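Structure record follows, encoded as structure tokens.
Worth knowing before you read on, the calculation uses all heavy atoms, side chains too, and leaves out hydrogens, waters and symmetry mates. Reminder, nothing fancy here: chain letters follow the sequence lines and each chain counts from 1. No experiment lies behind these values; they were computed from the predicted model shown.
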Protein chains: 2
Amino acid sequence: MTAFKVLPVPADAPEPLPEPAVGDLRLEAVLGVLNDPLRLGIVRKFLLEREEFDHSCGWLGLDRPKSSLTHHFKVLREAGVIRQRQYGLERRSHVRIDDLEARFPGLLRLVADWTPPEPA
Amino acid sequence: MTAFKVLPVPADAPEPLPEPAVGDLRLEAVLGVLNDPLRLGIVRKFLLEREEFDHSCGWLGLDRPKSSLTHHFKVLREAGVIRQRQYGLERRSHVRIDDLEARFPGLLRLVADWTPPEPA
DNA sequence: CACGCTGTACGATTGGAGTCGTACAAGGTT
DNA sequence: AACCTTGTACGACTCCAATCGTACAGCGTG
């Protein structure tokens, strides 16, 4: 039913970092977090190009300082859009596809179909 | 096909106020405008309780100063969420259901199903 | 024409979010 | 242990958006 690839979570995976429960997801919070082209691009790339279990912050290859990326990933996690786990050095993330699809069906489709604005 | 009631526009209706064309609607702009509980409530009420052709600003019965409401309606219009026409004294608005459904299918369903946060 | 009504325009204030530098913590590697 | 790598924490700065008061414009009615 879900149009996006959901990868299995290893049994020995670390606990996710603090995040809102599915029932606590708020539409206005999710939308308020997806109004930024940078974050929209992050979520979109996670949806379209996911191959392994999940990806570290640097996998995106964004040309921004690390402290900026930390900020955006934290914002996405606290709104309930992504889940983060600590794997040794790296903090890997993935989109909470099932949760978002359950609460806001169709929303991720819009994000995946989003076209970034002209860089010019 | 559209799940929302679309009322016909009278032939003698005034021209709409300046607004983005359908093709120019931007997801990040629309989401960025719907991240506010007040505006989310406005659009939701327009979707659920629409009976006449369209409604004036005061129809909502919101307990806010007029200058605040003017601001929010303008923001919604400039993002392409609502269309506004000047009818003599009143400026009446309606949600651009067809346009939004064409560009971002399913988005209005999420807004209509939205539950306002606890006022407590 | 004078008044009332709807809504705009403008400006001031406020709070919050994005951006990023620097310093630091924690795990891995050799 | 020394070092590298990944990412956090904190703080400062800037900028934008929300809020709203006041003054005004436009239309309709008596």
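For C:dG18, one of the phosphate oxygens OP1 or OP2 lies less than 4.0 angstrom from a side-chain nitrogen or oxygen of A:R39. At D:dT6, none of the side-chain N or O atoms of A:R91 fall inside 4.0 Å of OP1 or OP2 (strictly under the cut-off). Not one side-chain nitrogen or oxygen of B:T70 sits closer than 4.0 Å to the OP1 or OP2 atom of C:dG7.
As rounded to whole Å, 16 Å separates atom P of D:dA9 from atom NE2 of A:H72. In this structure, A:K74 atom NZ and C:dT19 atom C1' are separated by 15 Å, rounded to whole Å. Nucleotide D:dA18 holds its C1' atom 10 Å from the CG atom of B:L38, rounded to whole Å. Distance, A:L76 CG to C:dA17 P: 14 Å, rounded to whole Å. Atom CD of B:Q86 is separated from atom P of C:dA9 by 10 Å (rounded to the nearest Å). Rounded to an integer number of Å, the gap from B:K66 NZ to C:dC10 P is 17 Å. Distance, A:L69 CG to D:dT8 C1': 12 Å, rounded to whole Å. Atom CZ in A:F73 sits roughly 15 Å away from atom P in D:dA9 (whole-Å rounding).
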Show the distances under 3.5 angstrom between N or O atoms of the protein and N or O atoms of nucleotides 25-30 of chain D.
none

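Nearest-nucleotide mapping onto DNA chain D: of A:H71 and B:G32, the residue sitting toward the 5' end is A:H71. Nucleotides of DNA chain C nearest to A:D36 and A:S67 differ in position, and the one nearer the 5' end is that of A:D36.
Here the CG-CZ distance, from A:L38 to A:R64, works out to 5.0 Å after rounding to the nearest 0.5 Å. Between the CG atom in B:L107 and the CG atom in B:L31 there is a gap of 6.5 Å [rounded to 0.5 Å]. Here the NE2 atom belonging to A:H94 is positioned 8.5 Å from the CG atom belonging to A:L7, to the nearest 0.5 angstrom.
Checking side-chain atoms of A:E101 against main-chain N and O of A:G106 turns up a donor-acceptor pair under 3.5 Å. Here the side chain of B:R85 pairs a donor or acceptor atom with the backbone of B:P14 at under 3.5 angstrom. Side chain of B:R44 to backbone of B:W114: a donor-acceptor contact under 3.5 angstrom is found.
Nearest heavy-atom pair, B:L40 versus A:E28, reported as atom, atom and distance to 0.1 Å: CD2-CB, 3.7 Å.
In this structure, of D:dC20, D:dG7, C:dG7, it is D:dG7 that holds the atom nearest to the side chain of A:E90. Nearest nucleotide to the A:V75 side chain, out of D:dA18, D:dT19, C:dG18: C:dG18. Of the candidates C:dC20, C:dT19, C:dG18, C:dC20 carries the atom nearest the A:P65 side chain, counting heavy atoms from C-beta on.
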